[in-house]
Structures are given as C-alpha cells and as structure tokens.
Amino acid sequence: MDDIPITLLRAMYVTMLRIRRFEEHVARLVERGEIKTPCHLYIGQEAVAAGICAALRVDDQIFGTHRSHGHYLAKGGDMQAMMAEIYGKRTGCSRGRGGSMHLIAPEVGLLGTVPIVSGTIPLAVGAALAAMLQGCDRVTVAFFGDGAMEEGTAHESLNLAAHRRLPVVFVCENNLYSSHLSLFERRARDNIVDAAAAHGLVGIRVDGNDAEAVHAAASQAVARARSGGGATFLECRTYRWRGHVGPSWDLDVGVKRKDELREWLSRDPIARLRQSLVSAGVPTEVLDRLDDDVQAEVARAEAYAKQSPYPAADELTMHVFYSEDASR
Amino acid sequence: MNTRPLTYAQAIREALAQMMERDPRVFVIGQGVWSPWYVGTSMQDLDRQFGRERVIDSPVSENATTGVGIGAALAGMRPVVIHPRVDFMLLAVDQLVNEAANWCYMFGGQVSVPIVIRPIINRGGEQGAQHSQALHAWFMHVPGLKVVMPATPYDAKGLLVASILDDNPVLYVDDRWLYMETADVPEELYSVPIGQAAVRRAGRDATVVAISYMVKAAVEAGERLSHEGVDVEIIDVRSLKPLDDATILASVRKTGHVVVADSGWRTCGAAAEISARISEHAFDALRAPVARVALPDVPAPTSRALEGVYYVGADHIAAAVRRVLHERATHPLRGRASVPP
Ligand SMILES: Cc1ncc(C[n+]2csc(CCOP(=O)(O)OP(=O)(O)O)c2C)c(N)n1
Ligand SMILES: [Mg+2]
C-alpha cells in the first residue's frame, strides 16, 4: 500500500485526530452534565470513516447512523456546527432539532445520519439510483453497523442495489457489538460479509483499524461504482472503545470485555497510522503540532456552541414542512 | 390481599414472572430484555430466573421478532414481544397489523392469536424525533387489536396479566416516565379487566379523561385546581380499545365540561376519538366544547429549549380545565334550549 501518497496519509491522520479529540471532549462534556443528548462515541473506529471518505469526492454522498460524529467530520462537515447541534443550539447543523443522532451536512454530501438501525441503508441505494437516473458519476456510501445486518431492510437493499447495478458502497462497521450484545449473542456465525455474495455483490472483509487498508478497499469499491461496475459490500472489522452510548468505557451491563478491550486498545488505528507517517519520514514534532491544532479547533467549536443562542420557544413548530424561507 | 409498595417497573416484572411461573406457554422475546438500559427494572433478572431459552434477547430484527411471536402464538404459546421503544416497533407494523390483527377474522374466528406486544414509550432527554414517539392511537385504529395503557403500578401488573390471559393480540403500552411511580400492589396474581376505566378522583365541575402518564399529570392538576375551588373528576381510561364509553359518558353527564389528555400527537390522536364519542353520545350534556391536551403536531425536538415547550403535563391540563369552565360562561351555545343552564 505504499502507493498511497503521504499527503493523503497525513490528511487521514488529521481526520482521525479530529474525530478522536472532538469525541474525547464530548465525553468530558457529557460527564460534566453539559451535554444531555445521547452521544454514541466512535472512538476506536476512526480509520473506517477516514479511510472511506478519503476515497470520495465532495459531491459523493454518504448516510450514517446513531454513531456518526466520525462520518460527519470525515466527509468534511463543519465541527462548530456539529458541536452546536449537540448543545441544542440554533446554529447547529440541524438547528437544534436533531442532536448528536441526527446530523446533516448537505454541502459536503452528508445527506443525513439517523438512529433507526438500518434506516439509511435503502436511502443510500436510492441516492445511488438518483445518480444513475441523473446520468452522473456520483457514488453513495451507506455506513451502518453489524447490528443493522439483522434488519430485513439491509438485505432488501443489497438485493436491489445488486440487481440494478447501482453505484453504492455498503460499509458495514463490524465493531462486534450491537448495544449490550456481542455478535455471537445475535448470530449463528461470524459471516456478515457472506451476505454480499448471497445477493450477488462483491463482499470484502477489511481490517477496519487500518486506515490505509480501508482506503485501498474503498478506492477500488468507489472506482467500480463510478465506472458502472455496481455495488460493493465492505465489512470493516473494528471495535468501539467506549460503551454503546455515553462516555463510559465499559457501560454495557453484564457483558464483556476487559481483555477484549485491552487487545483492541493496542490496535489503536491512530497510533498505527502515526507509525506509518513516522516511518515515511514525517517528524514527530510535526505530528504533535497537528494534534495541538486539532485540540485548539475543538476548543473553538465548544466556545462557538456555548455562545450560540438556543432556538426560541416559538420556533418549536418551525421546519415541520419545508419552506424556502426557513431553509436558509 | 397482601400488598406492598412496588414501582410501576417492578409491577410489570412481577406480572411477567408470575405468569411465567404459572403458565409454561408464556415466554418473552425482544430487544434489550437482558439489559436495564432498554427496559429499566421492568425485566430485571427474569432471564436468570427463567433461563435465556424463555427470556430471549433478540437480534435487531423487529419485524421478524414480532412475526415469530405471532407464529408461536398460532402454535400454542403465549408470547410477550417487547419493543424497547415504540419507534422501533414501526419496523414491525406489518406483522402486527396485517397478520396479528387480521388473523382471527380472516379465518372466520377459528383461530386466536394470543400475543402481547409491549412497546415502551421512552421520550424526553433530548433524544429527538426517532426516540420519543407515542403512537398508541395508530393501533386503536386497527380492528382486531386491543390497546391498554396502565397508569399505576396496580394496573401495570393487573393489565399485563389480563393481556397475557386474553386470547387476542393486545398491545400493552407502558411509559418510562412512570417507571418510578410507587404504590401498593397485591402479591398474588390478579388481573384488571381490559375495557374498564377507573375514576381516580371524583368531582363535580369538570371531567378530565386521561391516558397513561397524563393520569399522573391530571391528578397533579386536580390538586392544584382544588385550591382554586375547582373540583375535577379524573377518569383513567386504562384501556384505549375497547374503550369504556359508559364510565366516561357518565362523568361527562355529571360535569358537563371535559378535557381529554393524552401524550400523543393531537391530530387523529386518542384524544380525538374520545372527544368524538363524547360529542356523539353526550352532546346534550356538554356545557362547553370538549378540550384536548395533546402534543403539538411536531416531531420531538432535541434542543432543551424546544423540548421544554414540547411536552404537555399538569399545567396544560389545569389551563384547559380553566378554559372550558370559562367557555361555559361565554360560549355561543350557552343560549341554546337544549343546553342545560
Ligand atoms: C430499528 C431499531 N431497532 C433498535 C434500535 C436500538 N439500537 C440503537 S443502536 C443499536 C445497536 C446497533 O448496533 P450496530 O448496528 O452494530 O451499530 P453500533 O452501535 O455498534 O455502531 C440498537 C439495537 C434502534 N435504534 N433502531
Ligand atoms: Mg456494532
């Protein structure tokens, strides 16, 4: 994978750091009681969002889930607007109507993230269908978890995408858990990726903690989709470090996971990419400075969110329907 | 009867445990049933007590899980299917409405579908549009489904027992906002008949017909209004379908003023159906138009600033009661011959 240019590695590194530092700070804010909206942290999975989105163009489109701070940032969403949203402010990316679980950044192709498990998978297929009907070479990515593959909608969507040869990439982030249940408490076999072949799609299992590997797999999948070769299913194996929701490390009641967690902590995707950069000759001081910049950016986002106004009480009924005036 | 204080959540658990002890056909399936995160203490250690063969935490597969429950019911079991949020149950509406609700009628009444579906209302907390919905009214609309909504620990147990004993599909809708309500609950098994409302407070001036959590809010409003010299009667409907028209209408005939309070949306909500029945059957007794307290027709927002004005409670009920009593004095209908003075 030495064909990935160093500027790209560096860009992915910055993306991953932005996700990590942003969420570490959100975790503190939740602990302090400043943030109430449920936050599902992506820490540990950053290589997936960063690797996939680095293979996309700005006009390519993505959909996400309840755990999508990372997808939002990786696709280029504005950090301040996301922080303001989490604070419930009018300047938030969803204007205080969505919170952490409902993010949007249409200007960079993030068409929406929602917490109904599997809810956005067919939407991504639909956006891909639109691209095809519109005759443009846009690609759509559906991000979803291993749990989502238990919903009928997921399988219906795979079939439709395969049958119509739609330009979509299914990115299943298999973090081995669906809330409190491990994969093996929900499935007879660890074979999510096989669903792809069953539906006539190319299915590939990727080390989701290796940004370079994710990027390589994504580049191929995106190229296939863009050139009319149809959909691809990527199972990215990864792990969420924190509990299902909120900042705690081991909240998931009655299950897991100390040894498992320790092992996955040692496979930190950020440390791994940093190692690649250092090996490629990037001085550690440079990398440290990037981190400082990111921390400063997070602090600015917090300040921005805090000083932003709440929506006014009489705006409750605004935005139930679309209107040109209110959309700005 | 021996009683002791139980929370609403504990009362649910006790009903499940006692029914599982008594009847080997009863089993539980649904998401999060091994985790307090989803179901509070309402299922605590049931899996330990009865084993994970009979208390099944399911994959994220609402439609299949519900269909599996219906199939098991057709094959002689008494399943309780749990959806930790009403919102997630929307993925199972097909099985619930097309299959469970219609089954008995489609086959000429030869077969029953003795299933309990237990969706939980879990709202507030800046969770937003897909994690806050209260959609019981949708299911009232469907022939072949019964819908119950307990407001007290006593009913939480008794209605769940009745739902499991019932030979038909029953939607048993409980509300996380009630889980810590505490009251005396009998130790032994008992059931609360489905289709009977309860008078929670007797009064002369106005009737508040309330559903589930809004009963608690109505009781609070009733206290407050009593200090203003207003004496409200509070009806807890307990069962939305069948609905106990007789108890509601008797109260309306007594007071002539009605507020219907529900925690679902206003348009086509449960309160709309109840209001319609009152105007159909007790129009002559009304001394002011029926008022509704319900959610505005808006998805649940997340921002605390908007959540604070979104949900309805005791304040809204008290204000509505004052309004209907005031309208009695000013409403144009007042001069009509058929309206009693
Ligand atoms: C339709 C639906 N069912 C259930 C839930 C509850 N729920 C929220 S997140 C989650 C876990 C999903 O697991 P996975 O898809 O693996 O995503 P992860 O949380 O691991 O990122 C569940 C079951 C939901 N939000 N939507
Ligand atoms: Mg998962």
Side-chain angles (χ1 to χ4, degrees), chain A residues 35-39 66 84-90 92 94-102 114-119 145-154 178-181 183 185-188 243-246 251-255 309-321, chain B residues 31-41 43-45 47-48 52 56-67 84-85 87-92 94-95 122 124-133 265-267 295-311:
Chain A
I35 289 175
K36 286 272 184 307
T37 193
C39 292
H66 54 289
E85 186 56 41
I86 292 173
Y87 268 89
K89 298 301 181 76
R90 187 200 256 140
S94 304
R95 293 170 185 167
R97 301 332 191 260
S100 163
M101 300 197 290
H102 313 84
V114 302
I116 289 297
V117 169
S118 81
D146 46 302
M149 284 300 286
E150 291 151 22
E151 296 282 13
T153 323
S178 166
S179 68
H180 59 298
L181 296 183
L183 195 68
E185 291 169 299
R186 299 173 283 123
R187 298 184 69 87
H244 169 63
V245 60
L251 173 91
D252 302 301
V253 193
V255 282
Y310 282 109
D314 64 6
E315 289 168 3
L316 173 69
T317 58
M318 218 169 140
H319 307 311
V320 177
F321 291 105
Chain B
Q31 267 170 67
V33 301
W34 300 341
S35 159
W37 168 251
Y38 283 109
V39 289
T41 51
M43 305 287 299
Q44 187 140 20
D45 294 331
D47 55 330
R48 295 221 180 119
R52 291 189 164 189
I56 305 170
D57 204 324
S58 74
V60 201
S61 313
E62 291 79 7
N63 207 23
T65 302
T66 305
R85 291 172 186 278
D87 317 67
F88 307 160
M89 189 180 69
L90 295 186
L91 280 75
D94 166 54
Q95 286 294 329
N122 186 348
E126 302 189 20
Q127 300 181 98
Q130 300 184 338
H131 279 58
S132 305
Q133 297 171 94
W265 287 307
R266 167 179 292 263
T267 299
L295 289 187
D297 290 333
V298 176
T302 46
S303 175
R304 60 197 68 174
L306 298 175
E307 249 192 359
V309 291
Y310 179 65
Y311 290 109

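Naming convention: chains lettered A, B, ... in sequence-line order (proteins, then strands); numbering from 1 in each chain.
- Residue with the most contacts toward chain B among A/Ile116, A/Asp314, A/Val320: A/Ile116 (heavy-atom pairs, distance under 4.5 Å).
- Options B/Gln127, B/Arg304, B/Glu62, B/Gln31 differ in how many heavy-atom pairs under 4.5 Å they form with chain A, and the most are formed by B/Arg304.
- Neither the backbone nor the side chain of B/Arg85 comes within less than 4.5 Å of any heavy atom in chain A.
- When every heavy atom of A/Gly99 is checked against every heavy atom of A/Glu85, the shortest pair comes out as N-OE2, 2.7 Å.
- Between B/Trp34 and B/Met43, the closest side-chain pair of non-hydrogen atoms is not below 4.5 Å.
- Centroid-to-centroid, the aromatic rings of A/His66 and A/His244 come within less than 6.0 Å.
- A/Val245 approaches A/Pro38 most closely through the heavy-atom pair CG2-CB, 4.0 Å.
- Taking chain B as the reference chain and counting heavy-atom pairs below 4.5 Å, the highest number among A/Lys89, A/Arg90, A/His102 is found for A/His102.
- The part of A/Ser178 that comes within reach of chain B is its side chain, from C-beta onward, which places non-hydrogen atoms under 4.5 angstrom from that chain.
- Options A/Ile35, A/Val117, A/Thr317, A/Val114 differ in how many heavy-atom pairs under 4.5 Å they form with chain B, and the most are formed by A/Val114.
- In this structure, the separation between CE on A/Met101 and OG on A/Ser94 is 11.5 Å, given to the nearest 0.5 Å.
- Residue with the most contacts toward chain A among B/Gly128, B/Pro301, B/Pro59: B/Pro59 (heavy-atom pairs, distance under 4.5 Å).
- Applying the salt bridge (Lys or Arg N to Asp or Glu O under 4.0 Å) rule to B/Asp87 yields no partners; only residues at least two apart in sequence or on another chain are considered.
- In this structure, the portion of B/Leu91 lying under 4.5 Å from any heavy atom of chain A is its side chain and not its backbone.
- Proximity to chain B (any heavy atom under 4.5 Å) is restricted, for A/Ala312, to the backbone atoms N, CA, C and O.
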Apply the test side-chain contact (heavy atoms from CB on, under 4.5 Å) to residues A/Ser118 and B/Val60: give CA-CA distance (whole Å), side-chain angles for both, the deciding distance (0.1 Å), then the verdict.
CA-CA 9 Å; A/Ser118 81; B/Val60 201; over 6 Å; no
